[in-house]
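To find a chain, count down the sequence lines: A is the first, B the second, and so on, and within it residues start at 1.
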There are 2 protein chains.
Amino acid sequence: MSLNKLVDMQEALSHATTLEELQGFVEGLRDVYDIENLVYHSVNASGGQYAALTYSPNWVDRYIERGYERVDPVVQGCYKRFTPIDWKALDWSGKPARDFMGEAVDAGLGNQGFSIPIRGPSGQFALFSANQKDKDDSWAKYTDERVGDLILIAHYMNEKALEIEGGPAHGPVRALSPREKDTLTLLALGHNRAGVAEALNISENTLRVYIESARFKLGASNTVHAVAMAVTHGLIVV
Amino acid sequence: MSLNKLVDMQEALSHATTLEELQGFVEGLRDVYDIENLVYHSVNASGGQYAALTYSPNWVDRYIERGYERVDPVVQGCYKRFTPIDWKALDWSGKPARDFMGEAVDAGLGNQGFSIPIRGPSGQFALFSANQKDKDDSWAKYTDERVGDLILIAHYMNEKALEIEGGPAHGPVRALSPREKDTLTLLALGHNRAGVAEALNISENTLRVYIESARFKLGASNTVHAVAMAVTHGLIVV
DNA sequence: CGACACCTCACCATTTATGGGGAAGGGAAA
DNA sequence: TTTCCCTTCCCCATAAATGGTGAGGTGTCG
């Protein structure tokens, strides 16, 4: 059923090289999936935000201006989750939350919604949401049918957004040798040199060679730097 | 097509309260989806690992004993990704990687595979993989048809695993004060104590208080450990 | 075969980090 | 108001990390 759509989607995404094109992609997707609103919203590890969405610019401006992300149950609820969720299942019990939804509907949003939280390396977080004015039963049918597609799209889109935005940001780092990874991993876990040397069954002298070669490869100025870089670049898993 | 299966799956998962039951769930899933092997493997932020899988115990033991996670292109490749990927698209160019695959096939694994990386809050990372002995074209057809289901299952399973295991499991990490964050951030960027103290315009003595209080809060055994923990827990952004 | 990367070990002098102690002012919460 | 926490500063002795250099063996790839 959805395979053709998905193939088209990937095809369209593969050519995107700017964030503006992602905006166009989201708008196209809205037609393909016959839905009123789609939103991709990314918050990277440094707090930088980016969104590609089909809400009215007025609503977006108002949202940003008044800092509604601090009230919005979708954002607040999804930040702690990592599986898709229907907006009905979120906590709307607070008065600010209900007022917010009232305003949102006035601004043209639908009453139904469905969001997919996405997480990338290094604390990156994004939300992909579908929104529509609909009755409960037909909305449930709609989401049941498309949730699989939407999850895939959300992830591909997030990958593309990160590729565009964050790609060449952090410079190239040479891969570490197995021993170098072992060394940095154990250091990151809190062992000192003597402990690491013992754990790896090598002399502390040898260990130092690994630390220094890792430092050299990463362009790090000391051990702390090297370990931090290895962690943030995903070279070691702690 | 897959809706009934998914409903059954969620139903089965909702009753799970122990990690052992997840193991049983994975085994059941293997039959439902007519695949040779399924693997759920989670690494939480504290380095704790948990797996529910259908590989032979011998292979699992061998994998752990020899630290194959450092060689396995599936683990290494997926850690940097966050969209599903076929194992063929991974980097198998190194000799250790090829040797590893040879051993894996000898141990009964199929030659084809497909993995879904999953990320949760606070650096939690998991992999959900499907594995089978198959030809390229029929495997491509299989994955195309089921990738949507598998992604959903992977996410629900990860949610359940974290719910069971996660809650109060990984020790509480107290929030860092602004000065402590500044300190660890600059240390992570490669400055030594003197440099950080100068950058923050405080004495090196004062700086030490921050390092030690941060270490204490994080339960870290030294500066390297504290910085690594702060990075992996997303307390600082490097 | 030769280049190259990797793993292993050693020594020395010096710089740097750590552990543990004490102290004082400011602010916020209870 | 009292109690925390945050911020800032100081001292000392000891443990640990660093910088630089040298050198032997293994394995892989062209």
Side-chain angles (χ1 to χ4, degrees), chain A residues 172-230 235-236, chain B residues 66-67 70-71 73 76 91-102 172-230 235-236:
Chain A
V173 260
R174 278 170 66 195
L176 299 176
S177 78
R179 271 323 214 191
E180 287 159 355
K181 284 192 236 177
D182 293 343
T183 300
L184 294 191
T185 303
L186 290 169
L187 287 174
L189 289 173
H191 300 88
N192 60 13
R193 283 190 185 177
V196 176
E198 196 188 345
L200 295 181
N201 232 294
I202 54 177
S203 79
E204 206 176 318
N205 297 300
T206 305
L207 189 78
R208 288 187 47 199
V209 178
Y210 299 141
I211 299 175
E212 294 195 18
S213 56
R215 264 219 329 258
F216 182 75
K217 284 181 182 175
L218 298 174
S221 51
N222 57 41
T223 304
V224 176
H225 194 190
V227 170
M229 287 185 77
L235 301 175
I236 64 174
Chain B
R66 311 190 60 157
R70 298 196 311 263
V71 178
Q76 295 296 322
D91 177 20
W92 296 92
S93 62
K95 189 178 183 311
R98 287 193 303 272
D99 289 350
F100 163 77
M101 195 59 197
V173 194
R174 280 168 64 197
L176 299 175
S177 78
R179 271 323 215 193
E180 287 158 355
K181 283 193 237 175
D182 293 343
T183 299
L184 294 191
T185 302
L186 289 169
L187 286 174
L189 289 173
H191 299 89
N192 61 11
R193 284 191 183 178
V196 176
E198 195 188 345
L200 295 181
N201 232 293
I202 54 178
S203 80
E204 207 177 320
N205 297 301
T206 304
L207 189 79
R208 287 189 47 199
V209 177
Y210 299 141
I211 299 174
E212 293 196 17
S213 56
R215 264 218 331 257
F216 183 74
K217 284 183 181 174
L218 298 173
S221 51
N222 57 41
T223 304
V224 177
H225 194 189
V227 170
M229 288 184 77
L235 300 176
I236 65 174

Let me know the distance between [atom1] of [X] and [atom2] of [N], rounded to the nearest Å.
X	N	atom1	atom2	answer
B/R98	D/dG27	CZ	P	17 Å
A/I211	D/dG19	CD1	P	11 Å
B/F216	C/dG19	CZ	C1'	14 Å
A/R193	C/dA17	CZ	P	12 Å
A/D182	C/dC6	CG	P	14 Å
B/K217	D/dC4	NZ	C1'	12 Å
A/L176	C/dC6	CG	C1'	13 Å

Problem - Toward the 5' end of DNA chain C, by each residue's nearest nucleotide, B/N222 or A/E180 - result: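 The answer here is A/E180.
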Exercise for the section: On DNA chain D, check which nucleotide each of A/N192 and B/K95 is closest to and give me the residue with the more 5' one. Expected result: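 The answer here is A/N192.
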Practice task
State, with a plain yes or no, whether a side-chain heavy atom of B/L176 is found less than 4.5 Å away from one of B/L218.
Solution key: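 Yes - at least one pair of side-chain heavy atoms lies under 4.5 Å apart.
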Practice task
Could you tell me whether A/T223 contacts a base, only the sugar-phosphate backbone, or nothing, with contacts defined as non-hydrogen atoms closer than 4.0 Å?
Solution key: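 Result for A/T223 = sugar-phosphate.
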Exercise for the section: Assign A/R179 to base, sugar-phosphate, or nothing according to its heavy-atom contacts below 4.0 angstrom with the strands shown. Expected result: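 The residue A/R179 makes sugar-phosphate contact but no base contact.
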Please report the interatomic distance [atom1]([X]) to [atom2]([Y]), rounded to the nearest 0.5 Å.
X	Y	atom1	atom2	answer
B/I211	B/R193	CD1	CZ	4.5 Å
A/N222	A/E212	CG	CD	11.5 Å
A/Y210	A/L200	OH	CG	8.0 Å

Handout entry: Positions of residues 194-209 of chain B (non-hydrogen atom under 4.0 Å from DNA chain C), listed by number
Key =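 Output list: B/E204, B/R208.
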Problem - Results of side chain to side chain donor-acceptor pair (under 3.5 Å) for B/E204 - residues two or more places apart only - result: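 Residues passing side chain to side chain donor-acceptor pair (under 3.5 Å) with B/E204: none at all.
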Problem - Partners passing side chain to side chain contact (heavy atoms under 4.5 Å, CB included) against A/A199 (at least two apart in sequence or in another chain) - result: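 Counting only residues at least two positions away or on another chain, A/A199 forms a side chain to side chain contact (heavy atoms under 4.5 Å, CB included) with A/L186.
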Exercise for the section: Look at the side chain of B/S221 and the backbone N and O of A/G190, then say whether any donor-acceptor pair between them is shorter than 3.5 Å. Expected result: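 Present.
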Practice task
Just compare C/dA17, C/dG19, C/dC7 and give me whichever is closest to any side-chain atom of B/E212.
Solution key: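 The closest nucleotide is C/dG19.
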